[in-house]
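What follows is one structure encoded as structure tokens, with my remarks underneath.
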Amino acid sequence: MDPFGRTIDYLRISVTDRCNERCLYCMPEGYKGWAQRSDHMTADEIVHIAQSATTLGFRKFRLTGGEPLLRSDIVEISRQLWELPGVQTLGISTNATRLESFALPLKKAGVRSVNISLDTLDPVTYRTITGADITPVLKGIDAALCAKFEVVKLNCVLMRGVNESSLHPLIEFAAAHDTPLRFIELMPLSRTDVLNESNFISVGEVMQQLQADGNLEPLVDYRPGHGPARYYLHRSTGAKIGFIGALTTPHFCESCNKLRLTADGKLRPCLGRHGEIDLLAPLRSGASSAESLLREAIANKPENHEFSDCYEPGRPMTAIGG
Ligand code: SAM
Ligand code: SF4
């Protein structure tokens, strides 16, 4: 339990800060702040930290990045995490560019849920946002659906003037593939020119548009993958749509259940605050136990993020781990 009565049982582990895409909202143009490879946690270190977390009651784990499927040992890391006593659910967040070949091995290794970034279905807009080709992504989504993970979710970051016209096609796509779709408010974590007031769309605005004709029905008990989204059924298509409004939803942080671990081994109690606790350096020098540092991170978890308070990112999302 943290100082505000929240049970912290979810660890998001970034396995790399590298990525093969360049999403506008995640990686600043010309970004050069990469961690040294030797500063990335090894597979053994990741498993050791996760094992320590289970002894403190962590039950949910998600692998992320950067792009986690760029790591050649990602399947082995997944398998070892899944085999840890106490792990109840294991997820991975990916841009799906490499998922076509990884879906089945990840499923066999124990991964239960896959979150896939998909901000548009339009190839030109996709390239504008990510700098990459959408073709392998769509093949990756197909492969994930064929592999029959417990949950496959699509994540769409809302950006006015960039992907507004993509929302309806995405809803149709989610309905056709019977996979939940989450609309996510843009957080100030990368390039300032996509993060100004004029580019921001609140989840409330999208909900209002979809609700205009009474088309949204709350799905009160639906919570696939234990994330922060509130879900609704889009009646006319049958799509299940989740909304993550970190900036505009009152009391958003009250249900936060997670800590983040960056690829270079720093514990980050809150995405929207600068504070980090170095876990890897003390572990490598044998000075401290992972348990004591995890406890310290839980004790230092702030009540709220600072996104609405002129927050300036210290490091971009790709380096923190999404
Ligand atoms: N590369 C993987 C992917 O794209 O899913 C995993 C890492 S990515 C940082 C994880 C999630 O963070 C993605 O769904 C992405 O859309 C989201 N994200 C990144 N930057 C964001 C921002 N500034 N605001 C809101 N969501 C963001
Ligand atoms: Fe890469 Fe994911 Fe960030 Fe896009 S959101 S740049 S795919 S880490």
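All values derive from a computational prediction rather than experimental measurement. Counting starts at 1 for both ligands and their atoms, in listed order.
For residues 140-154, every residue pair satisfying the salt bridge (Lys or Arg N to Asp or Glu O under 4.0 Å) rule, not counting sequence neighbours, is listed here: R112-E150.
Close contacts of ligand 1 with C26, meaning ligand atoms under 4.0 Å from a residue heavy atom, involve 9 (C), 19 (C), 20 (N). Which parts of ligand 1 touch N155 is read off a 4.0 Å heavy-atom cut-off, strictly below it: atoms 14 (O). Close approach to E67 involves these atoms of ligand 1, each under 4.0 Å from a residue heavy atom: 1 (N), 2 (C). Interface of T64 with ligand 1, defined as ligand atoms under 4.0 Å from a residue heavy atom, comprises 6 (C), 7 (C).
Ring orientation note: the planes of W34 and Y31 are nearly perpendicular, at an angle over 60° on the 30°/60° scale. Using cut-offs of 30° and 60° for the angle between ring planes, the F243 and Y232 rings count as perpendicular.
Cluster annotation: I129 and V157 are assigned to the same hydrophobic cluster (Ile/Leu/Val/Met/Phe/Trp/Tyr, side-chain heavy-atom contacts under 4.5 Å, transitive). Both L138 and I171 belong to a single network of hydrophobic side chains, linked directly or stepwise wherever heavy atoms of I, L, V, M, F, W or Y lie under 4.5 Å apart.
Here's the thing with D119: none of its N/O atoms is less than 3.5 angstrom from an N/O atom of ligand 1. Residue T94 places at least one N or O, backbone or side chain, under 3.5 Å from an N or O of ligand 1. Residue-to-ligand polar distances place M187 within reach of ligand 1: an N/O pair is separated by less than 3.5 Å.
Within the model, atoms CG of L11 and CZ of R260 stand 10.5 Å from one another, a figure rounded to the nearest 0.5 Å. Considering CE of M159 and CD1 of I184, their distance stands at 10.5 Å, rounded to 0.5 Å.
Looking at A246, P188, S117, it is S117 that brings a heavy atom closest to atom 14 (O) of ligand 1.
Contact annotation for I116 and ligand 1: no heavy atom of the residue comes within less than 4.0 Å of the ligand.
Screening K258, R59, K60 against D9 for a salt bridge (charged side-chain N to carboxylate O under 4.0 Å, His left out) leaves a single residue, K60. Screening I201, L158, D119 for a side chain to side chain contact (heavy atoms under 4.5 Å, CB included) involving L167 leaves a single residue, L158.
Note on atom 1 (Fe) of ligand 2: protein N/O/S atoms under 2.8 Å are C19 SG.
Proximity of G65 to ligand 1 is established by a heavy-atom distance of less than 4.0 Å. The shortest heavy-atom distance from G66 to ligand 1 is under 4.0 Å. Within the structure, ligand 1 lacks E21 among the residues with a heavy atom less than 4.0 angstrom away.
Other residues, nucleotides and ligands contribute only 12 or fewer heavy atoms inside 6.0 Å of the CD atom of Q208. Few gaps surround CG on D73; more than 12 heavy atoms of other groups in view lie less than 6.0 Å from it.
The side-chain heavy atoms of I141 and L154, taken from C-beta on, include a pair separated by under 4.5 Å.
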